[in-house]
Each structure stands twice: as structure tokens, then as C-alpha cells.
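These values consider heavy atoms only, across backbone and side chains, with no hydrogens, waters or symmetry-generated copies. Naming: A, B, ... by sequence-line order, numbering from 1 per chain.
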Protein chains: 2
Amino acid sequence: MSQTRERLPAQVAAGSPGAGGSEGSVSSGRPAGAARPPGRPRSERADKAIVEATVDLLAEEGGVAGVSIEAVAARAGVGKTTIYRRWPNKEALIIDALAALKEPFPAPVGASVREDLIAIAQAFVSNKTDKKRLDCYWSIMGGAERYPELMARFTREVIEPRRDVIRTVLRRGVTAGELRPDLDVETALWLIMGALAQRARAFGAGPVPDDFAARVVDALMTGIAAR
Amino acid sequence: MSQTRERLPAQVAAGSPGAGGSEGSVSSGRPAGAARPPGRPRSERADKAIVEATVDLLAEEGGVAGVSIEAVAARAGVGKTTIYRRWPNKEALIIDALAALKEPFPAPVGASVREDLIAIAQAFVSNKTDKKRLDCYWSIMGGAERYPELMARFTREVIEPRRDVIRTVLRRGVTAGELRPDLDVETALWLIMGALAQRARAFGAGPVPDDFAARVVDALMTGIAAR
DNA sequence: TCGATACGCAACGGTCCCGTTTCGCTATGA
DNA sequence: TCATAGCGAAACGGGACCGTTGCGTATCGA
């Protein structure tokens, strides 16, 4: 219990010699000028395998509780020791692993706001990587109150950047006169994101049809009221 | 360890002889004309305590995995035996317990579709019972793939009836000419339900403001496009 | 070659929970 | 008064997982 395990900072540094430091590498995180420590360097391959196995399990098992260190180790083909050398416990591992879901989708700049929104929405519910991201989303949201730090980080690094892409498109639409000048951007965000996330997880509704993104965007654009 | 388990009062008021509990009661569910079986009757009080503890735990623990039979027993103040006498395992217990969340909110018939939708939406995100229901929703959805039967039953008995209330209001609006004649009802449903569910669970966004329901309905009614 | 460290693997003691059984007691009808 | 069955408490064997440790091996710099 007294064992003080080295807590790795979330900072990233370029690798120096031999080890081609890639982004987000947990093992090579050390100041740029520092000398390489003695001994065998940590395996970047193990790093990646662990993080990928963690994310996969989180998506598949439908909950933080379903992710066990032993299952991650087995799936990644590494020993538990190798995991505990890097992270102090399960929550820390999952928090770090979420970085793997970080990269935002680019904001398309098409002919119109409508087209941009549809493109984003389509990527949101159909893209293969985003499928995993959505599964992780539901897994994490389910156990939200249990792991507030996990929630906070996931919200900050994964959810918000995505909301921001849409937010930007909406604001651009207002400026360009394509959307109402008095548009309630945040409410519109809840509507579109909510519809997509819910539909993607709906039970018994089958896979999301190809035209769902367009239907959502059009319904939101034109409104449901008679005119 | 202290067994601080709360004990139920020794004298448990069971139902009057022969007058078995009406619907849904697990313990007294037997054909109307059948004679009461010999021996001590099952405690209705224990039934209710178990179901309530189950639902509470499901809502609080944020996942099916967080609900353990031992925790339910402790919380309900009953022995594990009493639970296993009624249900064969955890999933069966949870499935049955969901019936406690069943009763639908009534469809209000106000002056307009807009008012009806706002009333429903407001109840959805603010009502106290619905808060627990929403927590259970997220808990169950998170572990969806793990417990398909649970998902199916929850969808059928809790989610769909609620969707149906809104669906009816929307259809009525179309008939009454208040909504577009070519309205895509299902897509509108995804939009409104998704926005409410998402917002209610949003991290760091604080409690749902009083006017959120109205904002969502109005945004959906009038659309976001300039006109 | 040598020291240092990481590796995978296996095993450990500990905790939690499962589903079952036994115990002594209590509630009910015959 | 007796048979029957539910009650809570406690204990059991079994399994999953935790976080730790020791082992023999692999890989680095000096």
C-alpha cells in the first residue's frame, strides 16, 4: 500500500535516439533534453496494444466495470506487470486510453451549412472509428457518476471538440444568413447530437439508414410547424 | 465487521387471506380461483423493498454490473434467500424490477401541440420519478449488448410507451394542421427525445434550466433555417 | 561483458460476489 | 397442536479480479 508508483504526466515529448517517439506515447514521456534512462526501454508496441485493447473492451463490454486489467492484458498479449508499470489502476488506464479517441473529425467546408451538417452527421453515425467512439460514449455515460474524472476528461477531449465543430458550422450559417439570425445555437446542438447518438444506439431499430443524417438535418432546418 | 443490516419489523402485514395482490405481484401471482397454498405467505413488503432497492441501485450505480444481489438484499433489509426464492438470478430480478418504472405519463391535451410537447418535455427532464427513470435508462443503455433481453423489455415497456405519447401528439398536430402535412414523425421523435435525454445527462452543464423544454420544442417547431 | 531495466508468465493473498445450504424462528391454515 | 413454508442470518465452495512478487529472459548503454 505504501508503494509510490510513478505517475506519468500526460505530457508528450519527442523521442530522442532509436525510439521514434510518436504522439501520446506513455513510455517515452520525458523532457526533450533528458538522457535516455539505462536499461531496456519500454515497448511502444505494448503501449499501443494496451491502449487499443482497453478502448476495444470499453466499447464492447458496455461499461467501465466490464474492463478488467486482466482482460486488457490478455487481449493485448502482455503481462499484467507491463500494465501496472505504466498506470496505477484501471481508471487511470482508461482515462489515458481515451486519448486514442481524440482526433476530431475535420470541419468540412462545403457549399452550404446543410451539406456540412449532413456530412458531419453522416460521419458521426457511420464511420467505423466513430462507431467505437459512440460505444465508448455510452459505456462511459452509463457509469458517469461512478467515475467523474473519466467523464470530465472524455467530455473535454472527445465530446466538446465534436460539438465545437458543429457549433462553428452553425455560427457560420448565422453569419452567412443561411440560418436564422436569432438562432439558439446550443439548443440546436443538443437536438442534432442527441438525435444521432440516440438513434445509433436504438434497440430493435436496426442499423442507421443512409438517409438518416439528411432527415435529421432537414427536419431541424425547416422545422416541424406548418407554415 | 458490524452487521448493521436494518431488520424489518417482525410483524409483517401480509395481504388479507385469499385476496391476493392484483397485478404484477411476484409472490402472489396465481390464478384467481386457486386456493391459497399452505404455509406462511410471502411478504409483499419484502417484494416491494427488493424491487425498489434494485431500481435505486441500478440508477445510482450506473450499470447492471453495479447491482449485486448482496447489495440489493442489504439495501432492502432482506436475506439473500428471500430474493433467490423469487428470482433465479440478477438479470431476471432487474427485468422484473423495471416494471416499477412502467407507468407512462399521461398525454396532456392542451390548447396546442406546442404546449403539449413542452409539458411532456418538462416532465421528462424535471419530474422526480423520471429522474430515476432516466438514470436507469443510461445504466441500461450502457450495457446494452451485454443484456439484450433487459434492453428489449425496457425498450418495450418503458421507452416505447413514452415515445408513443409524443408520437400521438405529433400525429394529432399534423391532422389539426398545426404541423407540416409532410412531417417526418419518427425523425422528429429522435430529435426531441435525444435532446432531452442527452441534456439531462450532460457533464458540467449543470441542472436542466426551466426553459430548456420550451427552447427545444420551439427550435424544433420553427426550424433553424432562415426564412 | 556488466548493470539496469523491461518483458511475459505464474503464483500469491485478499476482496467481492455468486448461488446454495443450514439454522432457528415466525406466520399461517387445518 | 401440528404441518408447511417464508423469514433473516450465516456460512460455504467457487470464480473473477485486484495489486504484488519472483522468475528467467530480452534489450539497452557503458
Side-chain angles (χ1 to χ4, degrees), chain A residues 1-6 15-19 25-28 30 34-47 49-50 57 61 63-93, chain B residues 1-20 25-28 30 35-47 49-50 53 57 61 63-94:
Chain A
M1 183 132 315
S2 49
Q3 190 57 276
T4 309
R5 194 168 284 276
E6 206 178 0
S16 9
S25 167
V26 178
S27 60
S28 60
R30 105 188 139 262
R36 169 202 274 272
R40 178 177 173 175
R42 292 192 181 166
S43 159
E44 283 189 43
R45 176 175 183 152
D47 280 352
I50 292 168
L57 278 172
E61 296 297 320
V64 178
V67 180
S68 74
I69 298 282
E70 304 203 321
V72 171
R75 182 148 181 159
V78 305
K80 280 200 293 175
T81 337
T82 303
I83 298 179
Y84 280 112
R85 198 173 287 119
R86 291 160 162 79
W87 295 276
N89 55 52
K90 183 168 74 178
E91 190 173 356
L93 165 60
Chain B
M1 284 305 231
S2 57
Q3 52 272 32
T4 15
R5 186 158 301 176
E6 277 181 54
R7 225 173 148 215
L8 285 171
Q11 66 281 18
V12 175
S16 46
S25 168
V26 178
S27 60
S28 56
R30 72 176 175 279
R36 169 201 274 274
R40 178 177 174 176
R42 292 193 180 165
S43 158
E44 283 189 40
R45 176 168 183 155
D47 279 353
I50 292 168
L57 278 172
E61 295 297 320
V64 177
V67 180
S68 73
I69 297 283
E70 304 203 321
V72 171
R75 182 149 182 158
V78 304
K80 281 199 295 174
T81 335
T82 304
I83 298 179
Y84 279 113
R85 198 172 287 118
R86 292 160 163 78
W87 293 277
N89 55 53
K90 183 168 73 176
E91 190 173 354
L93 164 61
I94 296 181

Query - Protein-to-nucleotide contact annotation, 5' to 3' order, nucleotides 8-15 of chain C [B base; S sugar-phosphate only; - none; under 4.0 Å, heavy atom] - result: SB-B----
Query - Inter-residue atom distance B:Y84.OH - B:I69.CD1, 0.5 Å rounding - result: 4.5 Å
Query raised in the report: Is any NZ, NE, NH1 or NH2 atom of the basic residue among A:R86 and A:D47 found under 4.0 Å from an Asp or Glu carboxylate oxygen of the other?
Result: yes
Closest contact, heavy atoms only, [X] versus [Y]:
X     : Y     : value
A:A46 : A:S43 : N-OG, 2.8 Å
A:I50 : A:I83 : CD1-CG1, 3.8 Å
A:K80 : A:E70 : NZ-OE2, 2.8 Å
B:A49 : B:A76 : O-CB, 3.5 Å
B:A53 : B:V72 : CB-O, 3.9 Å

Query raised in the report: At how many degrees, to 10°, do the end axes of the helix from C:dT1-D:dA30 to C:dA30-D:dT1 meet when each uses five pairs?
Result: 10°
Query raised in the report: Can any side-chain N or O of A:K90 pair as donor or acceptor with the backbone N or O of A:V67 at less than 3.5 Å?
Result: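 Pair found, side chain donor or acceptor close to backbone of A:V67.
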Rounded to whole angstrom units, what separation is found between the [atom1] atom of [X] and the [atom2] atom of [N]?
X     : N      : atom1 : atom2 : value
B:I50 : D:dC7  : CD1   : P     : 8 Å
B:E61 : C:dC16 : CD    : P     : 14 Å
A:E91 : D:dG19 : CD    : P     : 11 Å
B:I83 : C:dG19 : CD1   : C1'   : 12 Å
B:I69 : D:dG8  : CD1   : C1'   : 16 Å
B:R42 : D:dG8  : CZ    : P     : 12 Å
B:K90 : C:dT20 : NZ    : P     : 15 Å
B:N89 : C:dC17 : CG    : C1'   : 14 Å

Report all interatomic pairs (protein N or O, nucleotide N or O of nucleotides 25-28 of chain D) with separations under 3.5 Å.
unit_1 : atom_1 : unit_2 : atom_2 : d
D:dA26 : N3     : A:R40  : NH1    : 3.2

